[in-house]
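These notes concern the structure reproduced below.
Lettering of chains follows the sequences in order, A, B, ..., and the numbering in each one begins at 1.
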Protein chains: 2
Amino acid sequence: MQKINAQKKAPLSRIQEKNRSLILKAGLEVFSKYGFRGSTVDQLANAAGMSKPNLLYYFPSKEAVHVALLEELLENWLEPLIELGPSTNPIDEILVYVKKKLAMSRAYPLESRLYANEILQGAPNFSDAIKGPLKELVDEKAALIQGWSDEGKIAVINPYHLIFSIWSTTQHYADFDVQIGGILSSDKQEITKDAETYLEHLFRSTLTPKP
Amino acid sequence: MQKINAQKKAPLSRIQEKNRSLILKAGLEVFSKYGFRGSTVDQLANAAGMSKPNLLYYFPSKEAVHVALLEELLENWLEPLIELGPSTNPIDEILVYVKKKLAMSRAYPLESRLYANEILQGAPNFSDAIKGPLKELVDEKAALIQGWSDEGKIAVINPYHLIFSIWSTTQHYADFDVQIGGILSSDKQEITKDAETYLEHLFRSTLTPKP
DNA sequence: TGAATTTTTGAGCAATTGCTTTGTTTTTCA
DNA sequence: TGAAAAACAAAGCAATTGCTCAAAAATTCA
């Protein structure tokens, strides 16, 4: 258990780069589908196209792969909300955020499901991130939105629950993809278009102040 | 593989009744947290307070417990939507549905998570239900809502995506419970109250036709 | 009561789990 | 080129998996 120099950042050879990314890609596929406990190292190794011991040569354990994925995920997850900022037109500013989140659900459905799986299982590897950086960011943006509300630029709404509803409606298109595909017969592109139209109407109506 | 009399409905003794329900309760707790693949028969038996072979005396396999739970779930899941029907006040009719769904998320969070887990994993035991009864019901109610929209009684919206947004926003309070609890400091009762106020505003604004 | 039936479980099975050992192959670079 | 280092994998480890067996304990009911 020696770990004097916590980071001995040997700059990663080309092979290391490639294999670590193969493993992370495989981990994303497998963990997002079966959750941490439902996934096996064999599945990971197969999906990554390498032997089990070789996978464990790059990551010390199954959990290490999972943690690495979650850390990477957090950044991308927070990014669109970070970009939400002061604006002369708060409604459009919020709608841009909605559209970015919807686009992310479409572009990165596996990431969305990985996240959903982790939360569903009680966030055993993520509760620090939730109570720390995520909460701070949400508090900050909720205050911003509350300000708009106080100024009468948007309707009077609870900013936290607004954010929750943006998350839930947009991520739904990734997480419940199978359900939506079973109910709607249109192709994905059309579903996405309809979703965007609907969500634009949904949040614009909600945010527009009443006279 | 004989199965001449498919149903030999011996009417279940008191012991059978009790133990089957103990097992289903245990299955709900375990499967809703870890998904099917992430749950073990040992966990089920422990949660049910009985030995492993005894559990398997009542259900032939781990999968049988899971399937039984999903079948039970489907009915309860569809019920509130079934009740959505013709009304002279469509907006309130839909808002009643929203409130019922939110109440269900609060009363039966484990059921919600069981469902979410199954969908996330690709609905291996549920895709028939989705493409069959669920789709039919949603088609029917979407037509009803479309009618209201055509008559100008509610705003012009895509009824399918309206339903998806009701599902996602309400179920979010069960499925992402851990995340919400990490962000909000208020107690559950207050969160539920705020959620209800917010969702009422959200869907009323959306559904109210523009002049 | 007591014989038949139902319920329960300790022990155990083959297969799978996460991970290690041990050694071979490939790559690097002096 | 060749020796050191890095990359790889066959075999195997103890523990856990889903499930079975055989027999004991509890219950039912004539």
Look at B/Q16 and C/dT7 and indicate whether a side-chain polar atom (N or O) is within less than 4.0 Å of OP1 or OP2. yes
Residue closer to the 5' end of DNA chain C, A/Q43 versus A/P53 (nearest nucleotide):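 Result of the comparison: A/Q43.
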With DNA chain D as reference, determine whether A/Y57 or A/R37 sits nearer its 5' end, using the nearest nucleotide of each. A/Y57
Given that B/E63 and B/R14 both sit by DNA chain D, which one's nearest nucleotide is further toward the 5' end?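 Of the two residues, B/E63 wins.
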Spacing between [X] atom [atom1] and [N] atom [atom2], to the nearest angstrom:
X     : N      : atom1 : atom2 : answer
A/L56 : C/dT17 : CG    : P     : 14 Å
B/N54 : D/dA24 : CG    : P     : 17 Å
B/K18 : C/dT8  : NZ    : P     : 7 Å
A/I15 : C/dC29 : CD1   : C1'   : 14 Å
A/M50 : D/dA10 : CE    : P     : 14 Å
A/L55 : D/dC8  : CG    : P     : 11 Å
A/N19 : D/dA9  : CG    : C1'   : 13 Å
B/I23 : C/dT7  : CD1   : P     : 12 Å

Compute the ring centroids of B/Y115 and B/F126, then answer whether they are less than 6.0 Å apart.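 Yes; B/F126 has its ring centre under 6.0 Å from that of B/Y115.
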Of the options C/dT9, C/dG18, C/dT7, whose atoms approach the side-chain atoms of B/S51 most closely? C/dT9
Picking from B/L199, B/D194, B/T197, what satisfies side chain to side chain contact (heavy atoms under 4.5 Å, CB included) with A/H161? B/D194
For a quick test of reading the model, state the closest non-hydrogen atom pair linking B/P133 to B/L74 and the distance between them. CG-CD2, 4.5 Å
In plain terms, say whether B/D128 and B/K135 are close enough for a salt bridge, that is, a side-chain N and a carboxylate O under 4.0 Å apart.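 Not counted as a salt bridge, because no side-chain N and carboxylate O are separated by less than 4.0 Å.
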Thinking salt bridges, do A/K62 and A/D42 make one under a 4.0 Å N-O criterion?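 Looking at A/D42 together with A/K62, the answer is no, because their closest N to O distance does not fall below 4.0 Å.
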Using a heavy-atom cut-off of under 4.0 Å over every strand shown, decide if B/Y58 touches base, sugar-phosphate, or nothing. sugar-phosphate
